[in-house]
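Remarks on the structure that follows.
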Amino acid sequence: MPELPEVESTVRGLSPLIVGRKIIDVWSDAPKLIKNGTFEGLKKSITGKKILSVSRRAKNILIRLEGDDLLLIHLKMTGHLMVNKWNLPDKKEKPVPLGDGALTEKVNGYIHVIFILDDGRMLALSDLRKFAKVTFGKEQEVIRKEKIDKIGPEATDITLSELKDIFKDSKKGVKMVLLDQDRIAGIGNIYSDDILWKAKVHPLRPVNSLSDKEIKDIHQATRDILSLAISLGGTSISDYRDVSGERGGYGDRRLVYRRDGEPCKRCKTPIKRIKVGSRSARFCPECQKI
DNA sequence: TGCAGTGTTGCTTC
DNA sequence: CGAAGCAACACTGC
């Protein structure tokens, strides 16, 4: 799922459902997702603790608990968080959904961690590819270890001068820089493609060659696209769902992402795809000249 | 059938 | 230091 708008939608959906609740147990069939320490350690550390807040930094979900403890979840490629009720199996069977409709999709087959709450509901982490990451510990320790304090300004509120500063001293291609969480937080492949199309900038343009106007356009496009995507609840091109299982609305509105070969929405030229690093970038060869 | 491609990140290698 | 390649994993679509 996971770029800023999807993670933000998840956090907003999650807060009213789980803040104030106490975690009374944890279930997992994939302890490898717990990156620091063991499943038993996680269980011991968080059971009995009340959830104080849920927030987001870049694409990380931060769940603050009583006693200065922090539970950090990164959804990586295909993780989702959901709140519902499941019948928990003892051994290798999958959890069986007991709650309402939206979650009875295939996604239930990929639930790997479940936090059981004191009101009978549960918070589940589902992840087809098992790339997601769960970390826990004392707040400051987790923040330091996961380098949360090294992350750049949030893409939604970065200022124009901060962006100019970031672009100043690098010959890197602009797409690579937009994807670099230590410089700008929250942008991934979908939104970087759309931002650059909207700003009419080629993904491989070295950032130190961008004009003031181009930087201003990238800055504006970033704000516009991310706030639109947040207001639509993110993108569900593949399998992202919000915490109650609903799809996001940005997928239908996307500009160039995964539109290779389709006509550019401005000039009708077919959208092109190239490799940037080891990922795909889509752009209009006419509107976005190198 | 087989292989390239998929929203992320971080590690290794040069 | 930077850039590139790949690994973690499982599925879809050509």
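Residue numbers begin at 1 in each chain, while the letters A, B, ... track the order of the sequences. From a predicted model like this one, the values you see are computed outputs, not experimental measurements.
- The side chain of A:Y110 contributes no N or O atom lying less than 4.0 Å from OP1 or OP2 of C:dC9.
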Verdict with reasoning, A:D194 to A:K198, per salt bridge (Lys or Arg N to Asp or Glu O under 4.0 Å):
CA-CA 6 Å; A:D194 276 13; A:K198 188 157 194 195; over 6 Å; no
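- With A:D127 contributing its side chain and A:F131 its backbone, the two residues share a donor-acceptor pair below 3.5 Å.
- Atom pair A:R279:CZ and C:dA3:P shows a separation of 16 Å (rounding to whole Å applied).
- Salt bridge annotation for A:D212-A:K216: absent, with no cationic side-chain nitrogen under 4.0 angstrom from a carboxylate oxygen.
- The distance between atom CZ of A:R183 and atom P of B:dT9, rounded to the nearest whole Å, is 14 Å.
- OP1 or OP2 of B:dT8 has not a single side-chain nitrogen or oxygen of A:H74 nearer than 4.0 Å.
- Taking atom CD1 of A:I190 as the reference point, atom C1' of B:dT8 lies 12 Å away to the nearest angstrom.
- Separating the CG atom of A:L4 from the C1' atom of B:dT9 is a distance of 16 Å, rounded to the nearest angstrom.
- Remark: C1' of B:dT9 and CZ of A:R57 are 16 Å apart, rounded to the nearest angstrom.
- Between A:K35 and B:dG10 there is no side-chain polar atom (N or O) within less than 4.0 angstrom of OP1 or OP2.
- Rounded to whole Å, the distance from CG on A:L125 to C1' on C:dC9 is 14 Å.
- A:R282 comes within 4.0 angstrom of the backbone, heavy atoms only, and of no base.
- A gap of 12 Å separates the P atoms of C:dC6 and B:dA4, to the nearest Å.
- Taking atom CG on A:D169 and atom C1' on C:dG2, their separation rounds to 14 Å, with Å as the unit.
- A gap of 23 Å separates the C1' atoms of B:dG7 and C:dA3, to the nearest Å.
- Residues A:K133 and A:R129 each lie close to DNA chain B; by heavy-atom proximity, the contact nearer the 5' end of the strand is made by A:R129.
- Between A:K172 and C:dA3, a side-chain N or O to OP1/OP2 separation shorter than 4.0 Å is present.
- Residue A:K275 has a polar side-chain atom (N or O) positioned under 4.0 Å from OP1 or OP2 of B:dT6.
- For the pair A:Y257 and B:dG7, the criterion of a side-chain N or O lying under 4.0 Å from OP1 or OP2 is met.
- A cation-pi arrangement is found for A:R266 relative to A:W197, the charged atom lying closer than 6.0 Å to the ring centre and inside a 45° cone about the ring normal.
- At least one donor-acceptor pair closer than 3.5 Å links the side chain of A:R205 to the backbone N or O of A:S209.
- With B:dG5, C:dC6, B:dT9 as the candidates, the nucleotide lying closest to the side chain of A:S280 is B:dG5.
- Under the Watson-Crick or G-U wobble criterion, with both distances below 3.5 Å, B:dG2 is paired with C:dC14.
- Remark: A:S192 pairs with A:K175 by the side-chain hydrogen bond (donor to acceptor under 3.5 Å, both in side chains) rule, at least two apart or across chains.
- Contact annotation for A:R258: backbone-only contact, meaning every heavy-atom pair under 4.0 Å involves sugar-phosphate atoms and none involves a base.
- Looking at which nucleotide of DNA chain C each of A:S170 and A:S278 is closest to, the 5′-most match is held by A:S170.
- Under 4.0 angstrom from either OP1 or OP2 of C:dA8 there lies no side-chain N or O belonging to A:K130.
- In this structure B:dC11 sits in a base pair with C:dG5, meeting the Watson-Crick or G-U test at under 3.5 Å.
- OP1 or OP2 of B:dT9 sits under 4.0 Å from a side-chain N or O of A:K59.
- The phosphate of B:dT8 (OP1 or OP2) has no side-chain N or O of A:Q181 nearer than 4.0 angstrom.
- Between the side chain of A:Q288 and the main chain of A:L196, a donor-acceptor pair closer than 3.5 Å is present.
- Nucleotides C:dC9 and B:dT1, compared at atom P, are 25 Å apart to the nearest Å.
- One finds a side-chain N or O of A:R273 lying less than 4.0 angstrom from the OP1 or OP2 phosphate oxygen of B:dT6.
- We find that CD1 of A:I61 is positioned 12 Å from P of B:dT9, with the value rounded to whole Å.
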